[in-house]
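For reference, the structure discussed in these notes is given below.
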2 protein chains.
Amino acid sequence: MNSFATTKPQSSATAGVNECECAKPFATTMADLLDAMGAEQGDRFAALQLPIAVRRLRAGENLAHQGATAEALYFVRAGTFKVFHTDVDGYEQVLAFATRGEVLGFDALCMESHPTAIAALESSSVFVVLRSDLMMLSVKMPAFSMALQRAGSLSLARSRELADLMAAVASEVRLARFLIHISQRMAAARLSPRRFHLSMGRREIASLLGVANETVSRSFSALALAGLLHVADRDVEILDMEGLKAYARSTRRRADESLVAPTGGMFTRRSTPGRRSTAGLRAMVS
Amino acid sequence: MNSFATTKPQSSATAGVNECECAKPFATTMADLLDAMGAEQGDRFAALQLPIAVRRLRAGENLAHQGATAEALYFVRAGTFKVFHTDVDGYEQVLAFATRGEVLGFDALCMESHPTAIAALESSSVFVVLRSDLMMLSVKMPAFSMALQRAGSLSLARSRELADLMAAVASEVRLARFLIHISQRMAAARLSPRRFHLSMGRREIASLLGVANETVSRSFSALALAGLLHVADRDVEILDMEGLKAYARSTRRRADESLVAPTGGMFTRRSTPGRRSTAGLRAMVS
DNA sequence: CGATCAGTTGAAGGGTCTCAACGCGAGTGG
DNA sequence: CCACTCGCGTTGAGACCCTTCAACTGATCG
């Protein structure tokens with residue numbers, strides 16, 4: 001009930017089309033494309049006789065298992081998913097959280113089996129495109145092919161943003177960056193970027209950020225103590241967005257190398273070492 | 001001269017075709033596809049009149065600048081590239097190293113400008129495909145479309161392997177995993193997986209692994225002291241591959257959650273906390 | 001109502017960051 | 001030709017942040 005993703009206003013297909021008016025004038029996500037095309041009836045797109053089904057999942061349900069043969073590609077229609085990788089030791093490494101418009105299982109296209117597992121974090125639904133239909137769809141529908149390319153590209157760009165998350169040294173900075181990412185996704189989905197409900201647990205956030213789950217708790221408390229956030233379990237309210245962004249900008253000690261020579265040369269160095277404010281948040285609150 | 005990547009035996013196109021016999025029976029990389037098709041003459045594929053050019057870069061030269069308008073897609077033909085992101089503070093975060101067969105600039109497909117910069121680490125060459133030609137190529141050549149999808153998929157899979165690298169707590173484990181990745185790439189390229197030359201510096205490795213460059217040096221020394229490696233600047237020889245792999249398997253403290261219920265249920269937990277050997281390499285050498 | 005689990009907080013220990021110094025090789029200009 | 005500079009790589013020492021173990025609270029559920 002309090003989760004944003006389950007209350008997303010995209011119930012009927014006709015309403016979905018009208019919502020796309022001012023979002024991205026040049027780009028359409030695959031979910032929008034399929035939602036607009038299919039007045040889906042009985043989990044089947046009969047309108048254009050496309051071999052695209054809709055599958056609904058409950059919270060905790062797995063969409064794909066790690067190592068399972070990859071038979072289909074999925075596009076998130078509603079809800080939130082986590083992409084993760086389970087080690088031989090049993091440690092679960094979360095690689096990404098996916099929301100509407102993103103493709104799932106794209107990393108399995110270049111191999112036979114899923115390198116990563118996918119699970120729903122809440123009640124969700126996806127479009128299912130069989131791999132065996134992929135070539136036919138690409139040939140018959142250039143728009144599908146382009147949308148698929150863009151979805152894959154977005155997935156890669158998101159994955160690289162993740163590296164930026166984990167690149168920060170301080171755990172509080174990682175969490176701040178993570179929350180800003182969430183906030184920006186919320187804004188893109190026409191939802192409040194200041195107040196939202198996290199559909200994932202502390203442990204999953206910790207895994208994504210590459211820290212211990214206790215550290216995530218402490219970082220939440222620290223950000224709240226600094227007056228940047230208001231945290232109540234999984235409900236987060238950003239009180240000082242500018243302050244949060246400023247804090248998220250803290251980086252590792254600057255590498256001595258920064259600029260590349262304008263033409264053809266080797267790297268040039270600059271000598272200012274720079275130091276990061278190791279005091280961090282504790283300076284803001286005292 | 002001592003660099004492997006510049007001595008890769010893929011000089012003529014006809015030889016390149018024969019080399020693909022036993023590698024991947026079902027999949028062809030874009031670089032192989034283009035190399036096999038084009039008896040490239042004058043940096044242009046005149047054979048099939050494809051609008052695909054070849055561009056050569058020297059070490060340190062930039063293929064794309066961060067924030068520049070994305071006009072083309074690139075496929076690595078030879079050499080090594082680094083994909084990186086420069087922070088506002090000037091800190092340079094390395095996101096990936098790319099070798100033959102990988103696509104560059106794929107993450108820019110879903111937007112207008114390059115989110116990441118790309119630079120050559122050594123003398124390299126790429127195939128250049130203009131974005132304006134992408135639709136035409138996809139329609140006229142289904143093989144191109146499929147190869148592009150696979151290249152993007154591979155890029156995403158690699159990016160997620162990176163998250164596995166940075167997920168390890170101990171810096172020595174991160175380096176061990178990194179070296180194993182390099183080794184596996186070498187094997188895929190038909191080169192010695194035990195002895196190779198790193199085309200990137202310590203600082204770039206450190207940035208990729210998310211640690212300080214001094215720590216990378218120390219980790220190299222530690223792995224060498226343990227008898228797993230022999231290191232001479234950028235030349236690495238793996239002495240004990242099994243030992244290295246075993247060591248790379250060390251993970252963060254196991255999350256209590258490990259297995260998902262086979263059907264539809266929530267997560268099940270197991271109570272064995274498990275502890276990682278905090279002694280690490282120091283136990284192996286003493 | 002006992003059990004289990006998510007989340008929080010505390011305390012101790014260790015690993016990594018940072019600053020610093022050194023050797024070394026390459027490129028440059030005297 | 002060689003001193004000089006610059007950057008890379010290595011190693012040492014101290015401070016600090018995070019990990020780990022532990023205990024507690026509150027919520028959910030059978």
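Chain identifiers are assigned alphabetically (A, B, ...) following the order of the sequence lines, protein sequences preceding nucleic acid strands; residue numbering begins at 1 within each chain.
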With sugar-phosphate taken as primed atoms, P, OP1 and OP2 and all else as base, the protein-contact string of nucleotides 10-15 of chain D at under 4.0 Å (heavy atoms; B, S, -) is BBBB--
Checklist entry - Within a strict 4.5 Å, meaning less than it, do heavy atoms of the B:H114 and B:H65 side chains meet? => result no
Here the distance between atom C1' of D:dT19 and atom CD of A:E172, to the nearest Å, is 15 Å
| task | Give a yes/no answer on whether the side chain of B:R203 brings an N or O atom under 4.0 Å of OP1 or OP2 in D:dG7. | result | no
Separation of D:dC18 atom C1' from B:M166 atom CE, nearest Å, is 16 Å
request  = Go through the side-chain N and O atoms of B:E122 and B:T80 and say whether any donor and acceptor fall under 3.5 Å apart.
outcome  = yes
*asked:* Whether B:R177 and B:D164 form a salt bridge (side-chain N of Lys/Arg under 4.0 Å from carboxylate O of Asp/Glu) is what I want to check.
replied: no
From CG of A:D235 across to P of C:dA6 the rounded distance in Å is 18 Å
Review point. Would you say B:S207's side chain and B:E92's backbone share a donor-acceptor pair under 3.5 angstrom?
Key: yes
In whole angstroms, the gap separating P of D:dG9 from NE2 of B:H197 amounts to 10 Å
**Item:** Donor-acceptor pair, side chain of A:S221 and main chain of A:S217, under 3.5 angstrom
**Value:** yes
When rounded to whole Å, the CZ to P distance for the pair B:R174 and C:dT16 reads 8 Å
Whole-Å distance, A:L209 CG to D:dC18 P, equals 12 Å
In terms of side-chain geometry, is the basic nitrogen of A:E102 or A:R185 positioned less than 4.0 Å from the acidic oxygen of its partner? yes
